[in-house]
Amino acid sequence: MSFSRYNTEDSVISSETVVRGLFSGDSNVLNGSSVNTSSYTEYYLNVFNGDPASSGSAVQFSIQYGNLKGSGSALINASVPGYTPSRVIYGEYRNLVYGTETTNFSFDGTTTANDIFIINVARGRYKESLLPGSFGLTLGSGSNGKISLIDDSSTTNLTRFIGENKVFYLISGSNNTPHSSATTSSYYGMMFPDLDLVILNASSSSTVNLLSYFAPLTAATASAQNNHLKLYNSIVSGSITLKSSETVSSRYFFTRVKNSEFNYTSNPSIIDENGNLLYTTLINNPQTYVTTVGMYNDNNELLAVAKLSKPLTKDFTKEALIRIKLDY
């Protein structure tokens with residue numbers, strides 16, 4: 001068996017971004033009229049792309065409600081005051097986003113947001129991260145019409161972080177076009193593309209007011225435990241748009257076959273029992289058909305195999321350049 005060593009210039013690495021719709025069927029739009037839910041707990045509510053009992057229906061994302069002080073849900077243990085599902089959820093995402101249990105959510109950099117709603121994308125719906133510029137959320141309310149939100153990636157060239165997490169802020173807009181100039185006082189929420197989270201500001205200010213769409217109940221009652229239903233019902237009256245992105249790295253190996261190489265075969269079927277060549281035409285004109293390229297390490301261990309789409313004729317009058325692509 002003959003081997004040819006790859007040189008440094010025979011290999012190159014390339015990367016490209018693959019974008020796909022986030023929801024089932026690679027769709028980037030999930031209309032509220034097609035979403036559904038099944039049984040839920042006081043901690044979360046799963047949103048499906050149809051009847052959960054139907055084939056093809058799957059969880060698209062989960063909705064949760066968090067409150068800094070634990071309001072809006074009943075006590076987990078009646079003998080332990082203050083600890084409720086909403087407080088646990090607020091603390092969970094505060095720790096995930098800020099990396100600390102002492103920093104509270106703030107959408108303008110100064111004012112503490114006591115109430116948050118979370119859209120947590122199901123892990124099976126994306127490869128690597130959410131695609132900035134693809135987010136759109138339309139919330140409906142019977143008495144207040146609809147409001148449309150987008151991420152603000154189209155308005156800034158800055159890459160902003162909270163801790164180690166890349167963040168984009170949610171502003172009023174549609175089709176990736178803002179309705180007005182965005183300022184810190186007009187942020188309706190945050191999108192963390194690498195955490196696959198959207199966190200909505202459930203507090204009220206002079207410029208940001210989503211309470212008419214999903215005003216949470218703050219009493220520690222059984223009905224208040226269904227606060228996540230309020231955001232779900234607003235999405236049912238609207239829609240959500242989102243795409244995922246994945247960076248695929250490829251390494252190309254350029255396999256160069258010179259005219260003097262690989263013209264003889266080691267296949268024993270071309271000789272008889274006495275070692276004589278069965279095909280006399282190969283005596284003066286040896287010829288092979290390249291079908292496979294094997295890639296080995298320095299210990300002659302086979303690491304990868306590349307198959308050609310059709311056999312490639314090779315003799316002393318021909319050279320070949322075979323490009324092999326490895327994705328990872």
Can [X] and [Y] be counted as having a side-chain donor-acceptor contact under 3.5 angstrom?
X: S73; Y: T84; value: yes
X: K314; Y: T288; value: no
X: S153; Y: D151; value: yes
X: N175; Y: T177; value: no
X: E42; Y: Y44; value: no
X: E246; Y: T17; value: no
X: N67; Y: D115; value: yes
X: Y90; Y: N114; value: no
X: S250; Y: D327; value: yes

Do the two ring centres, one from Y169 and one from Y187, sit under 6.0 Å apart?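 Centroid distance Y169-Y187: below 6.0 Å, so yes.
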
Do F135 and F168 have their ring centres less than 6.0 Å from each other?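 When the ring centroids of F135 and F168 are compared, they turn out to be at least 6.0 Å apart.
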
Answer yes or no: is there a donor N or O on one side and an acceptor on the other, between the side chain of [X] and the main chain of [Y], under 3.5 Å?
X: N46; Y: V59; result: no
X: D152; Y: I171; result: no
X: D196; Y: V121; result: no
X: E319; Y: N259; result: yes
X: D315; Y: T317; result: yes

Axial cation check for Y126 ring with R123, 6.0 Å and 45° limits: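 Because its charged atom sits under 6.0 Å from the ring centre and within 45° of the axis, R123 does stack over Y126.
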
Parallel under 30°, tilted from 30 to 60°, perpendicular over 60°: which one fits the rings of Y65 and F117?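 Tilted, since the angle between the ring planes falls between 30° and 60°.
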
Would you call the rings of Y6 and F253 parallel, tilted or perpendicular, where under 30° means parallel and over 60° means perpendicular?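 The rings of Y6 and F253 sit tilted, inter-plane angle from 30° to 60°.
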
Positive for side-chain hydrogen bond (donor to acceptor under 3.5 Å, both in side chains) with S106, one of T103, D108, N104: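 Single pass found, and it is D108.
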
Working for side-chain contact (heavy atoms from CB on, under 4.5 Å), residues L96 and L195: CA-CA 9 Å; L96 178 64; L195 296 178; 4.2 Å; yes

